[in-house]
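Structure, as structure tokens:
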2 protein chains.
Amino acid sequence: MATSGRQARVTITDVARHAQVSTTAVSKVLRNAYGVSDAMREKVRAAIDELGYRPHNAARAMRGRTFTIGVQLPHIRNPFFSDIVDGLTDEISGSGYQAIMVQSGDLDAAAERRAIDALMDRQVDGILSVAPVCSRVQLEEVARNTPLVVLGRHDRSALYDCVLDDDELGAQLMVEHLIALGHRRIAHITQRDTATRRSAVLLQAIRARTYEQVMTEHGLAEHLAIAATSYTEEGGYDGARELLARSPRPTAIFAGADQAAFGVLAAIHEAGLTVPGDISVAGYDNARMSRLAHISLTTVDQDGAIMGTTAGRLLLERIGGRSAAVRFSVTPTLVARRSTAPPA
Amino acid sequence: MATSGRQARVTITDVARHAQVSTTAVSKVLRNAYGVSDAMREKVRAAIDELGYRPHNAARAMRGRTFTIGVQLPHIRNPFFSDIVDGLTDEISGSGYQAIMVQSGDLDAAAERRAIDALMDRQVDGILSVAPVCSRVQLEEVARNTPLVVLGRHDRSALYDCVLDDDELGAQLMVEHLIALGHRRIAHITQRDTATRRSAVLLQAIRARTYEQVMTEHGLAEHLAIAATSYTEEGGYDGARELLARSPRPTAIFAGADQAAFGVLAAIHEAGLTVPGDISVAGYDNARMSRLAHISLTTVDQDGAIMGTTAGRLLLERIGGRSAAVRFSVTPTLVARRSTAPPA
DNA sequence: GTGAAAGCGCTAACAA
DNA sequence: TTGTTAGCGCTTTCAC
């Protein structure tokens, strides 16, 4: 009747004693290890059930696995990350693994590294790093100690796996869509980068660069207009206000992420303009919200669930012993909705 | 030059040897424990820095604290949960604690319990449970073993702390707002509950019940119309379609959560109707998105950041030894925006 | 103020 | 197939 005070936790020793066997036997049953008779397995299982035993993770961590996968992501506010996490969860459910998430904050390489360290200190068996901004060297340092999958970067490394979207193609599809509609003054909102030297591998840089290239190829170099804020609602809002203040103002705004596009919609509405009447708006990600919003958003679909599922599979493979690096790329598609139309 | 293979981890023994002291001394310095001279502290600190030592969490967990706070939440897609998590993160940053999150899925008491167990197995020092649906008995079982703060339930327990919003007041404000605008056929979208007996403590039940009460008090009992789906975009979408099919259809829809209200907006738009021209729409939570959406949403503000901050503080207090239960309630306010107007 | 030593719950050699 | 035993890295008595 321990109404106050903690209940003493049931340990492997209790189970062993209760089943009249050794702790080793119990441990083996727990891990489905080789060399246990059916009778033994039965006895142990029964004892485990009877006592309500659950392995103590920290103790496991000292010697073996923790059956934990750590997910580091900038923040949980971006609905696209939800798709990824749901995919990951789907894939590892039933494998006995549990995903734990930590927020690392936006655009802060130091905080990001602390978040990853926090996962490593907690002895996760593998790490999924979502859209990290730190250097490849840092990621490789992590990968040397823990199975690592990086999502959303155009890196190449022999030490970790990459899951990414062909952002070049996605951005190209979108800019060409807008050009085909007849737009010329097409502006772009990107996420500003902290360290320029590695920007070539970050997806925001690739989307922005592709925007510039496609515009230039179509002879629209003089209409290039980029606002470098961030892939958040606030970032989209601020970026749009900046772009709307220019003269002549753009007839279309391509935000590098849906989340930012939502902010763009708000800024345009606040300025007394209409979408797509005065200005076309496009995003990237095809977050669920894009479909459901009142003005449904033209965007680029990259299948977050599949990216998450794949990341989970790759992680389990790595934990299982694979060491050769894998690179998985999803092909984006254009999703034209009501937020884009020919210019007035 | 360990290019392949894991680097051997720096342990407390390495630090002790390097600083020419005992491991006990190092441990004390790490925990700011009583009984270390300044000189000793200096020596140890230097060694820690030099070696880049970080305590091994699992080993700590075996004896003492893990400096980890576990957050269980239904899913990360709801932007209101982001506000809570940001508040929590803010509060515990600098305390040496790290928050880890696990998704438990919607409306599934068993999955929820597994998620909480997963946190306990990982020896977190405290748990924040966000809008749990399981029974109070289960929560108390958890609370007996781990400091626990429950957010978003109208429970009373001597074993854990509660952080909640006065949902009765919030729902009342909203229904009266709609009535004051002249609406009579006001419908409500709620989250269906799995186990009815404990529904009295769940926020969705309180919002729904208050809706019924206020309507009845205003002589509008005959116009009661509730769709029981869920607090998600899909739930709002499905619920709205159900309500729109009724005849006569409502002139206002009060969704129990902003997230659901977004789905309502989509359904209404799809039906060729306008907001607020044909139908007024209202939500609950004042998620950031509500402010920024193209049709800005009338909603009830409950300060998620403050709820998160408070939950963090209460958790740290409990970890620090407090055992008396605390109950913290925020007072909601009405935020009238453009999605509500007098009926046509 | 400092350090030696026991032990947390588990896994993995190794022995039987 | 089963059991014995030595740690994993840390915290915590308890001597000194």
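Sequence lines set the chain letters: A, B, ... in the order given, protein chains first and strands last, and positions in each chain run from 1. As the structure is a prediction and not an experimental result, all values here were calculated from the model.
- We find that A:Arg54 and B:Asp121 are joined by a salt bridge, their nearest charged nitrogen and carboxylate oxygen being less than 4.0 Å apart.
- Comment: B:Arg136 does not engage B:Glu141 in a salt bridge, judged by the lack of any side-chain N to carboxylate O separation of less than 4.0 angstrom.
- In 5' to 3' order, the nucleotides of DNA chain C bounding all contacts with chain B (an atom under 4.0 Å from a heavy atom) are C:dG1 to C:dG9.
- Annotation: side-chain hydrogen bond (donor to acceptor under 3.5 Å, both in side chains) contacts involving residues 29-42 of chain B, sequence neighbours excluded, comprise B:Ser27-B:Arg31.
- Between A:Arg327 and A:Leu164 there is a side-chain heavy-atom pair separated by less than 4.5 Å.
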#### Entry: Annotated protein contacts, base or backbone, on nucleotides 6-16 of chain D with a non-hydrogen cut-off under 4.0 Å, one of B, S, - each
-BBBBBB----
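- Note on B:Asp117 versus B:Arg114: no salt bridge recorded, every NZ/NE/NH1/NH2 to OD/OE distance being 4.0 Å or above.
- Between B:Arg322 and B:Glu317 there is a salt bridge, with a side-chain nitrogen of the basic residue lying less than 4.0 Å from a carboxylate oxygen of the acidic one.
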### Query
Can you check side-chain hydrogen bond (donor to acceptor under 3.5 Å, both in side chains) on A:Thr68 and A:Gln98, steps first, answer last?
CA-CA 5 Å; A:Thr68 307; A:Gln98 169 70 229; over 6 Å; no
